[in-house]
Amino acid sequence: MLSITLQLVITLALAAWVGAVVLYISKAVYRLSTSHGLGDRISRYMARKTIHILGGGLVAALVPFVYTQPWMAFASAMALTGYILYRRRRGLMTWFQEPDNAYEAHFTIMWGLVILAPWFFDPSMVIGAVSALFMSVGDGITGVVRGLRRVRGKAWSGTIAMIVVSSLIGGYFLGLEGVAAGVVASFVERINGVDDNITVPLVSFLLLLAMRYLLPAGLAHFPPRL
């Protein structure tokens with residue numbers, strides 16, 4: 001178990017990494033995409049998914065190994081949300097922010113909430129981390145695949161990629177229950193009309209929580225119940 005001081009140091013280091021991803025790495029991806037003829041809209045999409053994977057995904061994967069409580073990670077997500085909303089008012093980060101939607105703010109808000117909320121039921125923080133990873137890496141992979149194919153909307157190629165990646169993530173952390181949740185999350189991502197930055201983590205969290213309490217304790221791969 002890491003000390004609170006070390007958790008704080010790691011949090012600051014991760015915040016610096018996420019800042020670099022948002023301000024520099026994603027911009028480089030945008031420029032690379034446009035230079036390869038993907039166009040402005042698809043290139044912004046690729047930059048946004050880069051932030052999902054390298055920012056949200058990396059931090060979520062470390063959560064169960066670094067934190068004993070969710071407050072630092074949650075506060076970091078809310079601080080990033082505040083900065084994103086500030087930039088929407090004062091000057092868009094045009095390499096990934098869309099003028100007609102604030103989905104990137106939905107992402108940071110939901111990331112923070114699914115790290116925070118499951119902790120009250122699962123102090124290991126695995127359920128929250130897996131839910132955030134489905135949104136960050138699983139959905140991120142769909143965007144990369146669709147972007148490379150120059151497809152901006154839903155496509156089965158992206159869904160299949162998300163099923164594979166999310167199943168691997170879920171299986172690593174939670175066994176067969178995690179695989180099942182990853183598959184469900186991949187089909188939830190295909191639902192139109194609601195931002196999948198909301199639906200994917202919310203459904204994943206609720207499904208994993210339900211399985212944790214409904215499956216027989218001796219058969220489930222979840223950490224011990226409270």
Side-chain angles (χ1 to χ4, degrees), residues 1-19 21-22 48 51-86 88 102-140 166 169-170 172-174 177-178 181-182 184-185 188-189 194-214 220-226:
M1 182 181 299
L2 302 182
S3 68
I4 296 298
T5 301
L6 185 53
Q7 290 180 48
L8 178 58
V9 170
I10 294 173
T11 299
L12 294 175
L14 290 174
W17 165 250
V18 171
V21 171
V22 171
R48 185 178 297 203
I51 297 170
H52 281 209
I53 296 169
L54 296 183
L58 175 64
V59 179
L62 293 175
V63 160
F65 305 104
V66 171
Y67 296 107
T68 54
Q69 295 184 355
W71 306 108
M72 292 182 193
F74 175 75
S76 297
M78 295 306 102
L80 181 56
T81 302
Y83 178 71
I84 286 170
L85 293 176
Y86 169 79
R88 293 198 69 84
Y103 290 167
E104 76 280 5
H106 298 172
F107 176 88
T108 54
I109 291 170
M110 289 304 300
W111 192 99
L113 288 176
V114 296
I115 292 298
L116 174 65
W119 175 73
F120 295 98
F121 308 94
D122 170 34
S124 75
M125 302 182 67
V126 169
I127 288 177
V130 170
S131 300
L133 282 165
F134 288 164
M135 173 181 64
S136 302
V137 181
D139 182 40
S166 296
I169 292 169
Y172 174 78
F173 282 99
L174 293 171
E177 295 89 346
V184 171
V188 167
E189 188 273 339
V194 183
D195 183 9
D196 50 40
N197 289 321
I198 297 174
T199 57
V200 168
L202 180 60
V203 171
S204 300
F205 158 50
L206 294 175
L207 177 59
L208 288 169
L209 193 64
M211 288 194 289
R212 185 178 194 269
Y213 282 94
L214 295 178
H221 293 81
F222 294 92
R225 299 170 184 169
L226 295 175

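- Counting heavy atoms from C-beta outward, Ser131 and Leu208 have side chains that approach closer than 4.5 Å.
- Every side chain to side chain donor-acceptor pair (under 3.5 Å) that Thr81 has, sequence neighbours left out, goes to Thr108.
- Met125 is listed as a side-chain neighbour of Pro70, based on a closest heavy-atom distance under 4.5 Å.
- With sequence neighbours excluded, the residues that form a side-chain contact (heavy atoms from CB on, under 4.5 Å) with Leu202 are Met110, Leu206.
- Asp122 has its side chain within reach of Arg212: a pair of non-hydrogen atoms, C-beta onward, lies under 4.5 Å apart.
- Atom-to-atom distance recorded for Leu113:CG and Met78:CE is 5.5 Å, nearest 0.5 angstrom.
- Listed here is the closest heavy atom pair of Ala185 and Val200: O-CG2, 3.9 Å.
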Worked verdict on Thr68 versus Leu2 for side chain to side chain contact (heavy atoms under 4.5 Å, CB included): CA-CA 8 Å; Thr68 54; Leu2 302 182; over 6 Å; no

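- Here the closest non-hydrogen pair linking Gly57 and Val137 is CA-CG2, 3.7 Å.
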Evaluation steps, side chain to side chain contact (heavy atoms under 4.5 Å, CB included), between Ile4 and Leu8: CA-CA 6 Å; Ile4 296 298; Leu8 178 58; 5.5 Å; no

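- Distance check: Glu177 CD to Leu214 CG gives 11.5 Å after rounding to the nearest 0.5 Å.
- Listed by chain and residue number, Arg87 satisfy the side chain to side chain donor-acceptor pair (under 3.5 Å) test with Tyr83 (two or more places apart in sequence, or in another chain).
- Closest non-hydrogen pair, Phe134 versus Ser204, comes out as CD1-OG, 3.3 Å.
- In terms of heavy-atom proximity, Trp17 sits nearest to Leu54 at NE1-O, 2.8 Å.
- Smallest separation of non-hydrogen atoms from Ala73 and Tyr67: CB-CE1, 4.1 Å.
- Scanning for ring pair (Phe, Tyr, Trp, His ring centres under 6.0 Å) contacts around Trp71 gives Trp119, with sequence neighbours left out.
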Verdict with reasoning, Glu104 to Arg88, per salt bridge (charged side-chain N to carboxylate O under 4.0 Å, His left out): CA-CA 10 Å; Glu104 76 280 5; Arg88 293 198 69 84; 2.8 Å; yes

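- To the nearest 0.5 Å, the span separating CD1 on Ile10 from OG1 on Thr5 amounts to 11.0 Å.
- Taking 4.5 Å as the limit, every side-chain heavy atom of Leu209 sits out of range of all side-chain heavy atoms of Pro118.
- The distance from atom CD1 of Ile109 to atom CG of Leu85, rounded to the nearest 0.5 Å, is 6.5 Å.
- Partners of Thr199 under the side chain to side chain donor-acceptor pair (under 3.5 Å) rule, at least two apart in sequence or in another chain, do not exist in this structure.
- Taking the six-membered ring where tryptophan is involved, the planes of Phe205 and Phe121 are tilted, since the angle between them lies from 30° to 60°.
- Of all non-hydrogen atoms in Val66 and Gln7, the two that sit nearest each other are O-CG, 3.3 Å.
- For the atom pair OG (Ser3) and CG (Leu6), the distance works out to 5.0 Å, reported to the nearest 0.5 Å.
- Remark: Ala60 pairs with Trp111, Ala132, Leu133 by the side-chain contact (heavy atoms from CB on, under 4.5 Å) rule, at least two apart or across chains.
- A heavy-atom distance below 4.5 Å is not found between the side chains of Phe74 and Ile115.
- Counting heavy atoms from C-beta outward, Ser136 and Phe107 have side chains that approach closer than 4.5 Å.
- Rounding to the nearest 0.5 Å places CZ of Phe65 at 8.0 Å from CG of Leu62.
- Contact annotation: the side chain of Leu174 never approaches that of Met211 to less than 4.5 Å [non-hydrogen atoms, C-beta and beyond].
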